[in-house]
Every structure is written in C-alpha cells, then in structure tokens.
Amino acid sequence: MNIGILGLGVMGRSLAQNFERNGYSVAGYDIHLRFDQSLFKDKHIQIFDSLDGLVAALDKPRVILMMVPAGKPVDKAIVSIRPHLEKGDILIDGGNSFFVDTERRLRNLGEDGIRFVGMGVSGGEQGALWGPSLMPGGDASAWESIKPMLESISAKAEDGSPCVAWMGKGGAGHYVKMVHNGIEYGDMQLIAEIYDLLHRGTGISNRELAEIFAEWNEHDLQSYLIEITSRILWRLDEETGESLVDLILDEAAQKGTGRWTSQNSLEVGALVPTIYAAVEMRLMSSLKQERILASQLLGGNTPKFSGNKEQLINLAEKALYASKITSYAQGFALLRSASKEYGFGFNYADVARIWRAGCIIRASLLDDIASAFDKEPELPNLLLNDVFRTAVLDSQSAWREVVKTAVDLGIPMMATSASLAYFDAYRSERLPANLIQAQRDFFGAHTYRRVDKDGVFHTKWE
C-alpha cells in the first residue's frame with residue numbers, strides 16, 4: 001500500500017479519504033478504533049489491528065503519517081512504531097507539534113536512518129478531506145518521495161498551483177504552521193473586536209452584521225474568516241429562534257500555538273503585538289466570573305453611540321483591513337527573524353502562496369504578499385511594500401477614528417489598538433527609548449550611546 005496513517009481521529013480519517021480519492025491506497029491504524037469503519041467501505045483503505053500489520057502492508061521505503069495530538073502522544077507513537085521501521089523509511093508528524101520537539105525527534109530518528117518530516121496541516125476537517133494547506137519540513141531527502149502525493153491531496157489556489165511547498169530543514173514546517181496559527185489568532189480577534197464595536201457598541205443586529213460581513217467579503221477583506229463570520233451571524237438557534245452566537249458563552253479556548261508564537265517572538269527579537277493582544281484577550285475571556293463581578297463594581301455598561309452608524313461601518317471596514325495587513329506584516333517579520341536565528345532559509349513568497357487556499361487564514365491579500373516577496377525576497381516588512389504602504393496610509397484616518405470611538409464607548413479593542421500602535425512605532429524615526437536608556441544608566445550604570453558622536457558613555461547623575 002502507498003501510505004500508512006497512524007491515528008484515525010477526525011483529521012486522520014479525512015486525510016485517509018483524501019489520499020484514497022486521489023489514487024493512493026491507504027493502510028490505517030488507530031489505538032482506539034472508536035469510529036464507524038463502514039466509512040471506508042468500498043475504498044482502497046484498509047484498517048489494521050496492529051502496527052505489525054500496517055507496516056508489513058506498505059511499499060518500501062515506507063511512508064507513514066502520524067495524526068496524533070501534539071506533545072507526549074507523538075513521542076509515544078514514535079516509540080511504538082520505531083522498532084518496525086527501517087533505514088530510509090519516512091515518518092511524518094502532521095500534528096501541531098512545537099518546532100523544538102520536531103527538531104529533537106528529527107535528530108533522534110536520524111540515528112537509525114529514519115527520515116522524519118514535521119508537517120503543518122491547516123484547514124480543519126473539511127480542509128483535510130478536500131484539500132489542506134501543507135507545510136512540510138525536516139529531512140530534505142524525503143521531499144522528492146512525498147512531494148507527488150502531498151501535491152495531489154493539497155488545496156489548489158485559483159491559478160491551479162498546489163498549496164504545499166518544502167519549508168526547510170529541522171522544525172521549519174511546524175514553525176511556519178505555528179506562525180500561521182498566531183496570525184489566525186490575531187485575525188480572529190481583530191474580527192471579533194469590530195463585531196463587538198458594531199454590535200454591542202452601536203446596536204447593529206447580528207442579521208445586519210451578517211450582511212455587512214458578506215459585503216466586505218466581496219472586496220479587500222475577502223477571506224475565509226470573514227466568510228464564516230457572516231455565516232455564523234446569520235445562524236439562528238433551532239430551539240429558541242434567537243441568534244445562536246448570542247447564546248454562546250464568551251470564553252475562547254486555545255491549544256497553545258498562539259502562545260508559542262508570542263513566546264518565541266521574544267526569543268528571536270521580533271514584534272507581534274497583535275498576536276500578543278489576541279492571546280491576552282483569550283486569557284481575559286476565561287475570567288468570566290471575575291468579569292461579571294468587575295462589571296458590577298466598576299460599571300461595565302457601554303455608553304450609547306450617538307454618531308452616524310453607516311459612516312462607522314465604512315470606517316470599520318478600512319480599520320479592519322489596515323489591522324489585518326499589519327498583523328500579516330508582523331507574522332512575516334517573525335518568519336524573517338526566525339529564519340536568521342535557526343537557519344531555516346524560508347522562501348516567504350512560497351509561504352504566502354501555500355496559504356492562499358485550504359488553510360484558515362486564506363485571504364485575497366496573500367496574492368499581493370506573494371508578489372511583494374517575489375519582487376523583493378528580503379523585504380524587511382510588508383509595510384514597506386508600495387501596495388500595502390498605500391493601503392494602510394489610505395486607511396489611517398479611519399483606523400484612528402474607529403479606535404477613538406471604541407475608547408469613548410468603553411469597547412476593548414486590544415488587537416486593533418496594538419496594530420495601530422505597531423504601525424505608529426514602526427514609522428517613528430525617534431522613539432522615547434532615549435529616556436529609558438538614560439534611566440538604565442541612572443540606576444544601573446548601563447551606559448548609553450549619543451546621536452552626536454561615537455562611543456559609549458556613562459553619566460554620574462547624582
């Protein structure tokens with residue numbers, strides 16, 4: 001058989017069907033087997049009740065894709081499958097593993113000549129079934145062997161190109177997936193803040209907002225997340241007839257990739273304040289009981305909006321687009337810093353291209369991002385590209401007006417505000433860090449440099 005899949009949960013089952021539909025025979029194994037195997041009836045998918053059986057059924061060199069939860073389950077799966085593998089076999093981890101763990105596993109398995117690939121998979125259940133965005137990295141010698149099958153099952157962009165490319169050595173594939181998810185966190189929070197401003201802040205109904213988001217999806221903001229936001233806002237609860245989104249508890253969960261992105265950005269010296277804000281707001285959302293108490297003691301009522309709603313809607317569209325550009329700029333700047341720090345050698349145009357379809361952050365602006373990096377592969381920041389620079393500058397006054405309106409209404413817009421502050425800081429020729437450095441020299445004799453002459457200086461301040 002052509003490929004083995006270890007772990008047949010939702011994603012594993014979907015990928016198995018995707019491979020089979022594209023002409024590959026699949027051997028599957030799951031330690032629990034808690035699913036209806038009739039799902040695979042009349043398909044070239046065979047389920048085995050042992051790892052021995054799965055491995056014996058595969059063509060050599062064997063290709064096995066693990067679809068198990070990140071962390072210890074991956075290590076346990078490797079321990080269980082490793083004795084059955086031979087030199088030259090390819091083992092792929094398709095979960096959301098931390099890139100450092102991927103590099104450790106790559107070195108460990110390499111001792112036995114087993115080629116290990118850490119591969120980001122984005123698109124959820126439907127993406128896995130009909131075409132995900134795939135981000136493989138690791139043992140480069142494995143790429144030519146797995147490239148045809150990964151290209152066949154991947155999503156296809158509008159120009160027909162497959163949304164998969166080799167990301168680089170080590171944990172490059174999982175690093176790119178981590179940053180993808182970080183951008184996803186930021187994008188979702190930005191959308192939620194605009195929704196909150198227009199719904200809670202101005203009283204626009206969910207049905208009206210569904211139409212607004214659907215309209216936005218026809219223009220610059222066209223993206224998967226804008227599309228599903230419109231569909232969510234349309235949905236009514238079958239039992240009560242009320243808007244379903246209003247009945248969902250306002251506590252947002254997280255699986256760690258946004259937090260990893262934030263933490264690692266500090267290690268490589270990159271700024272991703274939009275993602276920080278998104279992670280922080282998920283943490284804030286978990287303090288439900290405290291927020292209820294605080295709203296009673298601190299006065300949580302929102303003042304009534306008295307301005308022009310239609311005008312605010314138009315401003316909000318521009319502010320959301322500017323924030324979105326800034327968030328992507330931060331994500332690609334992080335990839336740039338990490339590529340230097342870890343030697344990944346990312347091709348940023350390729351990253352943008354494979355995110356154009358299949359993945360959660362797919363959006364029309366990714367075509368412009370890919371073009372920007374094609375023209376200037378070492379572009380330091382997307383805000384310096386003519387297309388994005390013009391778009392953000394054109395939206396600047398709207399962006400500021402939206403943030404000011406939110407402040408007046410007491411609507412928290414941490415990610416939108418952080419995006420605007422990043423833009424203002426990045427374009428500031430002079431920042432108040434001179435005062436901070438003077439303070440450091442005052443209390444700790446940390447020295448400073450001057451703008452008018454070379455050298456390092458210290459002042460006796462007292």
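Counting heavy atoms from C-beta on, the side chains of Ile212 and Ile204 come closer than 4.5 Å. For the pair Asp350/Trp166, no side-chain contact is recorded, criterion being any heavy-atom separation below 4.5 Å from C-beta on. By the 4.5 Å heavy-atom criterion applied to side chains, Ile90 and Ile64 are not counted as neighbours. Residues Glu376 and Asn385 have side chains not in contact (no heavy-atom distance under 4.5 Å, counting atoms from C-beta outward). Considering only heavy atoms from C-beta on, Arg200 stays 4.5 Å or farther from Tyr195 through its side chain. Between Tyr185 and Arg282 the shortest side-chain heavy-atom distance falls below 4.5 Å.
Using modelled atom types, one finds a donor on one side chain and an acceptor on the other under 3.5 Å when comparing Asn264 with Tyr175. Side chain to side chain, Trp130 and Asn18 fail the donor-acceptor criterion of an N or O pair below 3.5 Å. Checked by atom type, the side-chain pair Lys318/Asn314 shows no donor-acceptor distance below 3.5 Å. Checked by atom type, the side-chain pair Thr240/Asp237 shows a donor-acceptor distance below 3.5 Å. In this model, no donor atom of one side chain and acceptor atom of the other lie less than 3.5 Å apart for His174 and Ser97. A donor atom on one side chain and an acceptor atom on the other are found under 3.5 Å apart for Ser161 and Arg356. For Asp441 and His458, the side-chain atoms include at least one donor-acceptor pair closer than 3.5 Å. Judged by distance alone, the side chains of Glu151 and Ser154 never bring a donor and an acceptor atom under 3.5 Å apart.
Between Trp355 and Tyr348, the ring center distance fails the sub-6.0 Å criterion. Between Tyr328 and Phe388, a ring centre-to-centre spacing not shorter than 6.0 Å is recorded.
Annotation: cation-pi pair Arg450/Phe457 present, NZ/CZ under 6.0 Å from the ring centroid and within 45° of its normal. Judged by the 6.0 Å distance and 45° axis criteria, Arg105 is not positioned over the aromatic ring of Phe116. Judged by the 6.0 Å distance and 45° axis criteria, Arg440 is not positioned over the aromatic ring of Tyr448.
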With side chain to side chain donor-acceptor pair (under 3.5 Å) as the test, would you mind laying out the steps for Ser205 and Glu208 before giving the verdict? CA-CA 5 Å; Ser205 71; Glu208 291 176 283; 3.0 Å; yes
**Asked** Between Trp461 and Phe443, is a side-chain contact (heavy atoms from CB on, under 4.5 Å) present by the stated rule, with each step listed?
**Response** CA-CA 9 Å; Trp461 297 93; Phe443 64 69; over 6 Å; no
**Prompt:** Checking side-chain contact (heavy atoms from CB on, under 4.5 Å) for the pair Phe423/Leu393: CA distance, chi angles, key distance, verdict?
**Reply:** CA-CA 10 Å; Phe423 167 73; Leu393 289 176; 4.0 Å; yes
Could you walk me through whether Phe373 and Glu378 pass the side-chain contact (heavy atoms from CB on, under 4.5 Å) test, one step at a time? CA-CA 7 Å; Phe373 283 115; Glu378 293 304 316; over 6 Å; no
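For Met284, the CE atom sits in a loose shell: 12 or fewer heavy atoms of surrounding residues, nucleotides or ligands are nearer than 6.0 Å.
Using a distance-only test at 3.5 Å, with no hydrogens or angles considered, no donor-acceptor pair links the side chain of Ser230 to the main chain of Ile226. Using modelled atom types, no side-chain atom of Ser395 and backbone atom of Val392 make a donor-acceptor pair closer than 3.5 Å.
Here the closest heavy-atom approach between residue Phe344 and residue Ala338 is recorded as CD1-O, 4.0 Å.
Atom CD1 of Ile78 is separated from atom CD1 of Ile114 by 9.0 Å, given to the nearest 0.5 angstrom.
Among the candidates Glu184, Lys177, His180, the single residue satisfying the side chain to side chain contact (heavy atoms under 4.5 Å, CB included) test with Cys359 is His180.
Look at Arg13 and Glu125 and you find no salt bridge, because none of the NZ, NE, NH1 or NH2 atoms lies under 4.0 Å from a carboxylate O. Using a cut-off of 4.0 Å between Lys/Arg side-chain N and Asp/Glu carboxylate O, Asp386 and Lys375 are scored as not salt-bridged. Taking a cutoff of 4.0 Å between a charged side-chain nitrogen and a carboxylate oxygen, Glu227 and Arg231 qualify as a salt bridge. A salt bridge is absent between Lys72 and Asp75: the closest approach of a Lys/Arg side-chain nitrogen to an acidic carboxylate oxygen does not fall below 4.0 angstrom.
Sequence neighbours left out, the pairs with a member in residues 413-424 that pass side-chain hydrogen bond (donor to acceptor under 3.5 Å, both in side chains) are Glu193-Thr416, Thr274-Ser419, Asn381-Tyr422, Arg400-Asp424, Asp424-Arg427.
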Check: residues 242-250 side-chain donor-acceptor pairs under 3.5 Å, at least two apart:
unit_1, atom_1, unit_2, atom_2, d
Ser243, OG, Asn206, ND2, 2.8
Asp246, OD1, Asn206, ND2, 3.3
Asp246, OD2, Asn206, ND2, 3.1
Asp250, OD1, Lys288, NZ, 2.6
Asp250, OD2, Lys288, NZ, 3.3
Asp250, OD2, Arg291, NH1, 2.9
Asp250, OD2, Arg291, NH2, 3.2

